[in-house]
Amino acid sequence: MVEVGGNGRIWLLSGEHSSYALRLTRHDELLHLHWGPRLALADAEALAAEPPQRFRSFESRLDGREEYPVEGGPRFVRPALSVRAADGGGGRGSEWEFRGAETDDEVLRLTFRDPVHRLGVTLHYRMRAGSDVLERWATAVHEGGPGDPALDLLRLDSAAWTLPRADRRRLSHLHGRWAAESLLARAELTPGETVIGSRRGHTSHRHLPWVALDDGTAGEEHGEVYGCALAWSGSWRIAVQQLDDGVVQAVGGAGHDDSGLVRLAPGESYTAPVFAGLYTGGGFGAASRAWHAWQLAHVVPDAHTPRPVLYNSWEATKFDVELDHQRELARRAASMGVELFVVDDGWFGARTHAKAGLGDWTPNPDRFPEGLKPLADEVHGLGMHFGIWVEPEMVNPDSDLYRAHPDWVHHRPDRRRTEFRHQLVLDLGRPEVRTYLWEQLDELLRSAPIDYVKWDFNRSLTEPGAHTDPSLPHVQGLYGLLDRLRAAHPHVAFESCSGGGGRIDLGILSRTDQVWTSDNTDPLDRLPIQHGIGQIHPARVTAAWVTDSPNEQMQDRVSSLRYRFVSAMAGVLGVGGDLARWSGEELAEAGRWVELYKRIRPAVQLGRLYRLREPQEGLSAVQYVLGDDPERADEVVVLAWLQAQRYNESLPPLRLAALDTAAEYEVLAGGEPGEVLRGAVLAHRGLRTGLHGDLDATVVHLRRR
Ligand code: GLA
C-alpha cells in the first residue's frame, strides 16, 4: 500500500507488519524518514515536520539521510550514482531536479533529472500486498539528442538502504568458496565500510548477494532484523557503511567497481536490478520466512508446484556416459520412486573429457547414435521425467563452434585468452551468439521429450571490458535467452548451477525452478551450507543429492543412508550415487526414504521454516510447518541430525515452534505407530529425538488431530 501526504512530498509504503517512509525537501533533496514497524501517514508527517539537526562546517547535512546519494554536492558517502559524459564534458557528479511522482496500489515512482548531463533517473519502490519485502530499483535514461556525447554510468546502484540509529550494529552475510558455499558469518559492524560482492562476472561462490543487520541482540525468534538482497547474476557489490554518527547505510547494485558500468548513447536507458529490503521484529527466523514467502509468491516461477525427486548420473559416471549404463541407472532410479532422471555432462559433441566439446550441443553419435529420444522415451516409459545437463555460455577451444567463431568469446584482441577448466566464455552480449544458442537449444528441446535442463556455468569471466562491465550485457543476454526458452518450452524446468552454488541469487531464481546448492554432497558438510542458504532462499529451490558412501569428494567420510537421506531431505531431494553399485537392500531402503520424502515434501518445500538448533557439533534440527494459522500448525516435519554424542551425554529435547498447544499431534513418521503427542508438551518440554551415537538422523512427521 502506498500513501501520499505532506502536499504530495511524503510517501509511506506499508506491508503486512512494516512501513517505509521518505520525503522530498523544498530543495528537491529526497530524504529517508522511516524503515521499521508500521506507521500511520500522520506519524510520517510528524517525523518530516521535526526541525532539522544542526550541522557544523565539516559535516554533511545529507550523508546518511538521503534515499539515493548521488556523487557531488555536500555528500561524502559512497554514491549510488556516479556519471560523466564520455568526452569528459560537465565533469562527474549530478545535481538533480524533481520531475514528478507516480503511485498506484503497490508501486511508487519518483523521477529526477540532471540538466547538465541530461540524465533522467527514476527511483522505483514496490511493496506487494501481504509482504514486508520492499523491492527497489533505479532506471537511468540519456535524455540528450543526436550529437550529444554518450554518458558513462560509472555506477548506478539499485538502492541505498538506511537503518535507524542503534548503539550497535551486527552484520550477517553468506560467504564461502567452491564446495563450501553460503556459510553464515555474523560479526559486529565497525565504523567504515564492509564490502561484499563479486568481480567474477557471476554471483560467485564467495558471497551471496544478501546481508542482514540487527543491533546485536536479535535471535532466531526475537529482535529487529533488517535484510537486503540483490536480484543480479553478474558482478555485483553491496557496501555497508557505518557513518560517524552511527547511521548505517547499505548501497548495492550491479558491477563491482566504480570505473564504468554501462555507456548510454542518447535515447538509451539502463534499468538496475531489484535490490529488495525487509524489516521484521521477529528475529532471523521471521526474516527468513518472509523472504521465503515472498520468493514463492513473486519470484520463483510456478513456485507452488513442489519439485520432483531427481536422479543425476554425474557422480556415478563423470564423463563416461554410456547408453546401457544410463538405462540401468534409470531402471534402478525408477524402482526407488525417483520422478526425474537427469543425464549430466558428457552426452554431446566430443565431450568424452573436460577438454573438448562444449559449444556443440548435439548428441555424441558414438554414445547416442539415434539421439536422445530413445533414452528419453525409455525414461518416460519408466514413469519418470527426463532431463539433461548443458553449459551453453561456454566453449572449449577444441570444439566445432570455437573453430568456426573464435571471436565469439569474451576476449581482448591484443591479450591472451584466459582458460579455466579448458574453457572460454561466449559473449552473450553479442546478438549472433544469442541467436546461435537459441537455435541450438530450441532444436535440442524439440529433438527429444526433455522436461528439465540443468544449466551450468563453470568458470568466471576474466577479460575486463573497455569502458563498461562485460558481465552486464552478458547477464542481460542470458536472462533474455532463458526467458525466450521458457516461453517457447513452458513445460521445461530449469536448474541454475555454477560449479555448485556459484550463481544463486534472486535474478536467476526469477527464471529458473531450482538451484544446485553445492558440488559438496557430503551430508555433514551440507548442513551448514543449507543453514546459510536457508537464511534467504526456501528449501523449494535448493537441490540436494544423496551420493555414495564413502564420499570420495569429501575425503572418504562414511555415513549411513539414513543420515545422507535426512540431510538431503532439507531441500529438493535428489539421488546422485552410482546405483549400479547399490545393493538390493540399499535400493529398498532408499525407496522407503523417497516415499517418506514425498509425504513430507509439501511441508519442506512450501511450508514455513523454523531453525530449532544450528548445525554445530552436536544436535541440530529444523522444523517445517504447514497450516493457515501461523500460531497453530496443522502439519509439522522435524529433521534432526546428531553429529557426535559424547560419553554419557543426554541430548536436549527439541522445543517445537508454532504448535497448537491446546491440540494433540499424531505421529505419522518417526515414532511408534498410532502414537499421539500433546502440543503443549512438544512446545514446552520438547520432542525427544531418540538420536544417539555419531552421524545419526531422524524425520518426525506430525499431524494435528
Ligand atoms: C559442475 C557441476 C556438477 C557437474 C559438472 C559437470 O561442476 O556443479 O554438478 O554437472 O559441472 O561437468
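First listed ligand is number 1; within each ligand, the first listed atom is number 1.
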* Asked: What atoms of ligand 1 come within less than 4.0 Å of a heavy atom belonging to Asn458?
  ->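 Answer, ordered by atom number: 1 (C), 7 (O), 11 (O).
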
Distance filter under 4.0 Å to Cys497 heavy atoms, resulting ligand 1 atoms: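 Listed by number with element, the hits are 2 (C), 8 (O).
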
- Query: Using a heavy-atom cut-off of under 4.0 Å, does the side chain or the backbone of Asn312 touch ligand 1, or both, or neither?
  - Reply: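 Answer for Asn312: neither.
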
Structural part of Glu315 in contact with ligand 1, heavy atom criterion under 4.0 angstrom: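 Under 4.0 Å from ligand 1, Glu315 contributes no heavy atoms.
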
Within-cut-off N or O pair, [X] and ligand 1, under 3.5 Å:
X      : value
Phe319 : no
Ser498 : no
Arg351 : no

Using heavy-atom distances only, which candidate in Asp519, Asp344, Val390 approaches atom 7 (O) of ligand 1 most closely?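 Nearest option to atom 7 (O) of ligand 1, by heavy atoms: Asp519.
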
Counting heavy atoms only, which of Trp178, Trp314, Trp516, Trp545 comes nearest to atom 5 (C) of ligand 1?
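Answer by nearest heavy atom: Trp314.
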
Which residue and non-hydrogen atom of the protein lie closest to [atom], and at what distance in Å?
atom                    : result
atom 9 (O) of ligand 1  : Lys454 NZ, 2.8 Å
atom 12 (O) of ligand 1 : Asp345 OD2, 2.6 Å
atom 2 (C) of ligand 1  : Asp456 OD2, 3.1 Å

Please determine whether a side-chain nitrogen of the Lys or Arg among [X] and [Y] lies less than 4.0 Å from a carboxylate oxygen of the Asp or Glu.
X      : Y      : answer
Arg486 : Asp513 : yes
Arg327 : Glu378 : yes
Arg557 : Asp525 : yes

- Query: Taking the six-membered ring of Phe284, is NZ or CZ of Arg186 closer than 6.0 Å to its centre and within 45° of its axis?
  - Reply: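 Checked: cation-pi criterion met.
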
**Asked** Under 6.0 Å from the NZ atom of Lys598, do we count more than 12 heavy atoms belonging to anything else shown?
**Response**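 Counting neighbours around NZ of Lys598, more than 12 heavy atoms of other residues, nucleotides or ligands fall under 6.0 Å, so yes.
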
Quick one, His405 with Glu432, criterion side chain to side chain donor-acceptor pair (under 3.5 Å). Give me CA distance, side-chain angles, the key distance, then yes/no. CA-CA 10 Å; His405 299 287; Glu432 64 276 31; over 6 Å; no

* Asked: How far apart are the C-alpha atoms of Leu208 and His537, what are their side-chain angles, what is the distance that settles it, and do they pass the side-chain contact (heavy atoms from CB on, under 4.5 Å) test?
  -> CA-CA 11 Å; Leu208 259 62; His537 299 301; 4.2 Å; yes

So, Asp344 and Trp347: side-chain donor and acceptor under 3.5 Å apart, yes or no?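 Asp344 vs Trp347: no donor-acceptor pair found between side chains.
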
Close approach, Glu495 and ligand 1, non-hydrogen under 4.0 angstrom:
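Checking ligand 1 against Glu495, which is what was asked, there is no heavy-atom contact under 4.0 Å.
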
I need the Ile504 CD1 to Ile536 CD1 distance, nearest 0.5 Å.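 Interatomic distance, Ile504 CD1 to Ile536 CD1, rounded to 0.5 Å: 11.5 Å.
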
